Enquirer: 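One structure, as structure tokens, below. Some questions next.
Chain identifiers are assigned alphabetically (A, B, ...) following the order of the sequence lines, protein sequences preceding nucleic acid strands; residue numbering begins at 1 within each chain. On a predicted model such as this, the values are computed, not experimentally measured, just so you know.
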Amino acid sequence: MAERSVLLSVQDLKKTYVSATGPVEAIGSITFDVRPGELVCIVGPSGCGKTTLLKCLSGLLAPTAGSVTLDGAPVTEPPRTMAVVFQEYGRSLYPWLTVRDNVALPLRARGVPRAERTTAVERALEEVGLSQVLHKYPWQLSGGMQQRVAIARAVAYQPEILVMDEPFAAVDAQTRADLEDLVRRVWQDLGVTVLFVTHDIDESVYLGERVLVLSSSPTFVQEDLAIDLPAQRDQLSTRALPRFTELRTHVYEQIQRAKRAETAPTP
Amino acid sequence: MTAVPAAATAGTAVPAPGRPAGRPPRTRSRRRRKALLGFLGVLGFGATWELFARSGVVKQEYLPTFTTTVGRLVTELGTTKLWSVVGDTVLTWAIGLALSVSAALVLGTVIGLVPFLRRATHTTVEFLRPIPSVAIIPLAVLLAGLSREAALIVVVYAPFWQVLIQVMYGIADVDTVAQDTARSFGLGRWHRLRHLVLPTALPYVITGFRLAASIALVLTITAELVIGNPGIGLQINLYRSAPDAPGLYALVLVTGLLGLLVNLGTRAIERRVLHWHPSVRREGPQ
């Protein structure tokens, strides 16, 4: 830990899109660090450039200025030690591949030998509670199960950091609660670092050890909040804690303030 | 005649594993109804033909009755001559289709993958595509004489464009999230082509192939009629000059049956290869 106090470092990240009406500043300037083993939630008002930020972090999009560093190396293309779970599981999973083949594909591309691959795939599917659907196709499963498959694919990839882009925005409330607990469990079981992007304030407080509140566009980090809730969380008792209510009220106020402050103050 | 089992046989290619029991019987009864309707349609067609031919509007030496024609067809089916003629046609068709489709697949993939080539070829493709294959028969004869090779040039031409365009569109249709997924998981060029781009293009390719198979058959017989290379088309011409009307009409029925078989075959392939595609798959969460 001492030698690697920072896993992911984002310095003064800026992203400006060129549009027909002139340049649009999506991200003003974002700076934050993620330490190894952390579970960090990023929350912000809609349209604040969360997805843009995530694409820059994962090497899918080049920032206009600033830098992203993972494990000391600048991110210029998707890093090997990062796995991404996308919001649109229906498009992220390939319908022509079975559940098993979807999970195995990144390992195959990396040249992992068959036997090792099989073990990794089975273990990952077990981790997300889906060992019984190996030979089904994604479209034969419910939305929640499909997103579990996507998480299993990310887990099997054995990343150091797991980046999730509003992964549960498209599933119903009950499934969502189950999936939130799954993320906490995966994080604890595997000791992986998790960066979880969401627009849901309750979700960010319930899941995170730390919550980064983003401002409206052009975006900066409005607040970096430590979540001092107990490590063992469950949907009923954690959400009933007075501290949970305080934290979520606090984040809620921050977001409201972000929405009101259309003229961007300096961070 | 055998239009009936079309839907039935093709439909059974993909069994839907473990889904609600309510569905199959309903589909089956619908299929049976469709089969019955198809059969009635053929019967109606035959009856109209029979009445028309017997009415004397057209001389029977130009239009034999339906029953005479079917009778002749049955007799012909017992001769080796018919089968060798059909064999010639099928061989030309198969070679032409294979050449056409494989060339279009390779070229379409390459052009589709390289934006520069796509832009550079767009106008040329749009110019060459609408030229009817029949219009290039003189050119083909000039190049290859009155031979099967000349027929092949004609057979290859039109289906080639059909498939090429489909492949190019298919290759360009890769979903952005699927593409981001592939990139973020470090899939290299080859794996992206093999596991993302080609499967995305597959439904387009299959549609192109289905159209190409039918067009190729029409062109094969057209070429035999005009160029005179051995096959059903040439035989039709011979029966015309004999004159042997029942033989001629029996062969026309044979071409119809061949077309039907081609369609059945390509549909069966489609159901098998695209079993995962929303247009074919039978089950889902909702």
Enquirer: Would one find more than 12 heavy atoms of other residues, nucleotides or ligands at under 6.0 Å from atom NZ of A/Lys55?
Expert: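 Open: at most 12 neighbouring heavy atoms sit under 6.0 Å from NZ of A/Lys55.
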Enquirer: Counting only heavy atoms closer than 4.5 Å, note whether A/Ser92 contacts chain B via side chain, backbone, both or neither.
Expert: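 Both backbone and side chain.
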Enquirer: Give a yes or no on this: more than 12 heavy atoms of other residues, nucleotides or ligands lie within 6.0 Å of atom CZ of A/Arg80.
Expert: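 Buried by this count: over 12 neighbours within 6.0 Å.
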Enquirer: In terms of heavy-atom proximity below 4.5 Å to chain A, should B/Asp180 be classed as side chain, backbone, both, or neither?
Expert: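 Contact with chain A involves both backbone and side-chain atoms of B/Asp180.
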Enquirer: In Å and rounded to the nearest 0.5 Å, what is the OH to NE2 distance from A/Tyr94 to B/His195?
Expert: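 Interatomic distance, A/Tyr94 OH to B/His195 NE2, rounded to 0.5 Å: 10.0 Å.
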Enquirer: What do you reckon, is CD of B/Glu126 surrounded by more than 12 foreign heavy atoms closer than 6.0 Å?
Expert: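 Yes, the 6.0 Å shell around CD holds more than 12 heavy atoms from other groups.
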Enquirer: Does CZ belonging to A/Arg185 count more than 12 external heavy atoms closer than 6.0 Å?
Expert: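 For A/Arg185, atom CZ is crowded (more than 12 foreign heavy atoms under 6.0 Å).
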Enquirer: Could you report the tightest heavy-atom contact between B/Phe185 and A/Ala83, atom names first, then the distance?
Expert: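 Shortest heavy-atom separation between B/Phe185 and A/Ala83 comes out as CE2-CB, 4.0 Å.
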Enquirer: Does the side chain of A/Arg91 come under 3.5 Å of the side chain of B/Thr176 through a donor N or O and an acceptor N or O?
Expert: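 There is such a pair between these side chains.
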Enquirer: How long is the gap from OG1 on B/Thr181 to OH on A/Tyr89, to the nearest 0.5 Å?
Expert: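 One finds 14.0 Å between OG1 of B/Thr181 and OH of A/Tyr89.
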Enquirer: Please give me the minimum heavy-atom distance between A/Pro78 and B/Ser184, naming the atom from each residue.
Expert: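 Scanning both residues completely, I find the closest heavy atoms to be CB-CA, 3.7 Å.
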Enquirer: Is A/Arg153 in contact with chain B via its backbone, its side chain, both, or neither, using a 4.5 Å heavy-atom distance?
Expert: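 Both the backbone and the side chain of A/Arg153 come within 4.5 Å of chain B.
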Enquirer: Heavy atoms only: give me the nearest B/His275-A/Tyr137 pair and the separation to one decimal.
Expert: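 Heavy atoms of B/His275 and A/Tyr137 come nearest at CE1-OH, 2.9 Å.
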Enquirer: Shorter than 4.5 Å, heavy atoms on both sides: which option in B/Gly186, B/Pro278, B/Pro199 has the most such pairs with chain A?
Expert: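 The residue among B/Gly186, B/Pro278, B/Pro199 with the greatest pair count is B/Pro199.
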Enquirer: Which pair of non-hydrogen atoms, one from B/Leu187 and one from A/Pro106, has the smallest distance, and what is that distance?
Expert: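 Looking at all heavy atoms of both residues, the shortest contact is CD1-CA, 4.1 Å.
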Enquirer: Using a cut-off of 6.0 Å, state whether more than 12 heavy atoms not belonging to A/Gln174 lie near its atom CD.
Expert: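 At most 12 heavy atoms, drawn from other residues, nucleotides or ligands, come within 6.0 Å of this atom.
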Enquirer: At a 4.5 Å cut-off on heavy atoms, which part of A/Met82 comes close to chain B: side chain, backbone, both, or neither?
Expert: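 It is the backbone, since no side chain atom gets that close.
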Enquirer: Do other residues, nucleotides or ligands put more than 12 heavy atoms under 6.0 Å from B/Tyr169 OH?
Expert: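 Count not over threshold, so no.
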Enquirer: Counting C-beta onward and ignoring hydrogens, is there a side-chain heavy-atom pair between B/Leu196 and A/Trp96 closer than 4.5 Å?
Expert: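 In short, these two side chains touch, coming nearer than 4.5 Å.
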Enquirer: Testing the basics here: between B/Arg183 and A/Leu60, what is the closest heavy-atom pair and its distance to 0.1 Å?
Expert: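 Shortest heavy-atom separation between B/Arg183 and A/Leu60 comes out as NH1-O, 3.4 Å.
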